[in-house]
Trainee: 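Input: one structure, supplied below.
Just follow the structure's listing: the first ligand is 1, and inside any ligand the first atom is 1. Everything quoted here is computed from the prediction, not taken from an experiment. Hydrogens, waters and symmetry mates are skipped; everything else that's a heavy atom, side chains included, is used. Numbering starts at 1 and runs along the sequence shown.
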Amino acid sequence: MELFIDTADLDEVRRAVALGVISGCTTNPKLAAAAEPGSFRTRVEAILASCPGPVSVEVLAEAPDEMLAEATEYASWDPRVVIKVAMSLGGLEIISKLERERDIRVNVTCMMSSNQAAMALMAGATYVSLFVGRINDLGYDAGAVIGETAEYIERGGFDARIIAGSMRQVSDIQRSFLAGAHIVTTPYRFLPQMVHHPRTAETIAEFSRAWDEARRRGGLV
Ligand code: E4P
């Protein structure tokens, strides 16, 4: 059970990592495009310097040979770079080549079904990313898709891990872990929500009041 930070924003990465609960980072072209302008390589290297664990970087090319070249370039930046390949027929070929011939770790992304996940697993993927929010948006049950994929990993004896992404609300994190996700990748905004509980805040305040009152009464020195 692990949490990754889902962002290309360096400030979010640093604030999340400072909490001590983050063990990786996932970026995608939309997140990278939303971050401050500048060299993409510099940004990825800054994320690598701020965040422990694997950092997923997505290839945008569509032709297999161009995907391979782009992936090999990103992987050359740091051994912790994991190549994100979106599920497609052309992508399958690349997943297998990267994992089995070039010893480069792949995170298969943009997946919405356990059939897609099954293909990614059989192509040798290290990570299979299921987009919880986008699956639920279509009226499907993302928890069931995660559960089926977890069963495939179990039955097939695959050395792979499920990343649940596309979090829309804090309860998606809980449901994804309970459905069998090994990793949840989340935007920063849900981390304080995971920590906060009104009853906890109330109890801390009550304890502190009791302590202060005792001190005022000179009961505690
Ligand atoms: C993670 O790897 C994904 O790229 C990300 O969670 C997608 O989130 P979205 O569906 O909100 O774009």
Side-chain angles (χ1 to χ4, degrees), residues 1-10 12-13 15-17 21-35 40 43-44 47-48 50-62 67 70-71 74-75 80-88 91 94-95 98-99 104-114 116-117 119-121 123 125-143 145-146 149-150 160-177 179-191 193-194:
M1 215 172 119
E2 287 185 59
L3 269 180
F4 285 6
I5 187 71
D6 195 20
T7 185
D9 180 298
L10 213 41
E12 276 202 2
V13 171
R15 284 192 292 137
V17 170
V21 296
I22 296 295
S23 55
C25 175
T26 53
T27 68
N28 70 37
K30 187 175 153 197
L31 292 169
F40 182 53
R43 172 165 304 285
V44 171
I47 292 172
L48 285 157
S50 309
C51 185
V55 173
S56 288
V57 180
E58 191 159 340
V59 295
L60 274 170
E62 286 171 18
M67 289 167 94
E70 194 182 346
Y74 295 154
R80 286 194 288 126
V81 168
V82 170
I83 302 301
K84 264 184 149 182
V85 176
M87 175 47 75
S88 70
I94 298 303
I95 296 160
L98 290 171
E99 286 275 5
I104 291 173
R105 303 287 74 77
V106 176
N107 172 359
V108 183
T109 190
C110 301
M111 295 197 287
M112 314 295 162
S113 77
S114 56
Q116 290 176 315
M119 295 299 266
L121 292 168
T126 299
Y127 300 100
V128 288
S129 282
L130 297 167
F131 281 25
V132 168
R134 293 180 189 245
I135 296 168
N136 292 335
D137 290 351
L138 294 175
Y140 296 102
D141 173 5
V145 176
I146 293 172
T149 304
R161 304 174 81 207
I162 300 169
I163 301 179
S166 184
M167 298 290 117
R168 292 276 183 279
Q169 54 203 325
V170 71
S171 58
D172 287 342
I173 299 176
Q174 216 167 346
R175 290 204 195 102
S176 299
F177 278 132
H182 302 96
I183 300 161
V184 168
T185 190
T186 176
Y188 181 87
R189 67 180 182 278
F190 297 129
L191 298 175
Q193 293 179 30
M194 287 187 75

Trainee: Atom 6 (O) of ligand 1: which protein heavy atom is closest, and how many Å away?
Mentor: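 Minimum-distance protein heavy atom for atom 6 (O) of ligand 1 reads Asp6 OD2, 2.5 Å.
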
Trainee: Could you tell me the residue and atom name of the protein heavy atom closest to atom 8 (O) of ligand 1, and the distance to it rounded to 0.1 Å?
Mentor: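 Here the closest protein heavy atom is Ser166 CA, 3.4 Å.
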
Trainee: Where is the tightest heavy-atom contact between Met167 and Asp172, given as atom of each residue plus distance?
Mentor: SD-CB, 3.5 Å

Trainee: Using a distance-only test with no angle check, is there a side-chain donor-acceptor pair under 3.5 angstrom linking Asp6 and Thr26?
Mentor: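 Yes - a donor-acceptor pair under 3.5 Å links their side chains.
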
Trainee: How far is atom 3 (C) of ligand 1 from its nearest protein heavy atom, and which residue and atom name does that atom have?
Mentor: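 Answer for atom 3 (C) of ligand 1: Phe131 CZ, 3.4 Å.
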
Trainee: Verify the neighbour count for atom CE of Met87: are there more than 12 heavy atoms of other residues, nucleotides or ligands below 6.0 Å?
Mentor: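 Yes - once you tally the heavy atoms of other residues, nucleotides and ligands closer than 6.0 Å, there are more than 12.
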
Trainee: Starting from atom 4 (O) of ligand 1, what is the nearest protein heavy atom, named by residue and atom, and what distance separates them?
Mentor: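 Result: Asn28 ND2, 2.8 Å.
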
Trainee: Show your working on side chain to side chain contact (heavy atoms under 4.5 Å, CB included) between Asp137 and Arg168 and close with a plain yes or no.
Mentor: CA-CA 10 Å; Asp137 290 351; Arg168 292 276 183 279; 3.5 Å; yes

Trainee: Between Lys30, Glu58, Arg134, which one has a non-hydrogen atom sitting closest to atom 12 (O) of ligand 1?
Mentor: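 Looking at heavy atoms only, Arg134 sits closest to atom 12 (O) of ligand 1.
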
Trainee: Does CD in Gln193 sit with more than 12 non-hydrogen atoms of other residues, nucleotides or ligands closer than 6.0 Å?
Mentor: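 Correct, the count exceeds 12.
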
Trainee: Strictly distance-based, threshold 3.5 Å: is any side-chain N or O of Gln116 a donor or acceptor partner for the main-chain N or O of Met112?
Mentor: yes

Trainee: Determine, using heavy atoms of Lys84 and all atoms of ligand 1, whether some pair is separated by less than 4.0 Å.
Mentor: yes

Trainee: Which protein heavy atom lies closest to atom 11 (O) of ligand 1, and at what distance to 0.1 Å?
Mentor: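 For this ligand atom, the closest protein heavy atom is Arg168 NH1, 3.1 Å.
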
Trainee: Which ligand 1 atoms are under 4.0 Å away from a heavy-atom of Gly165?
Mentor: 6 (O)

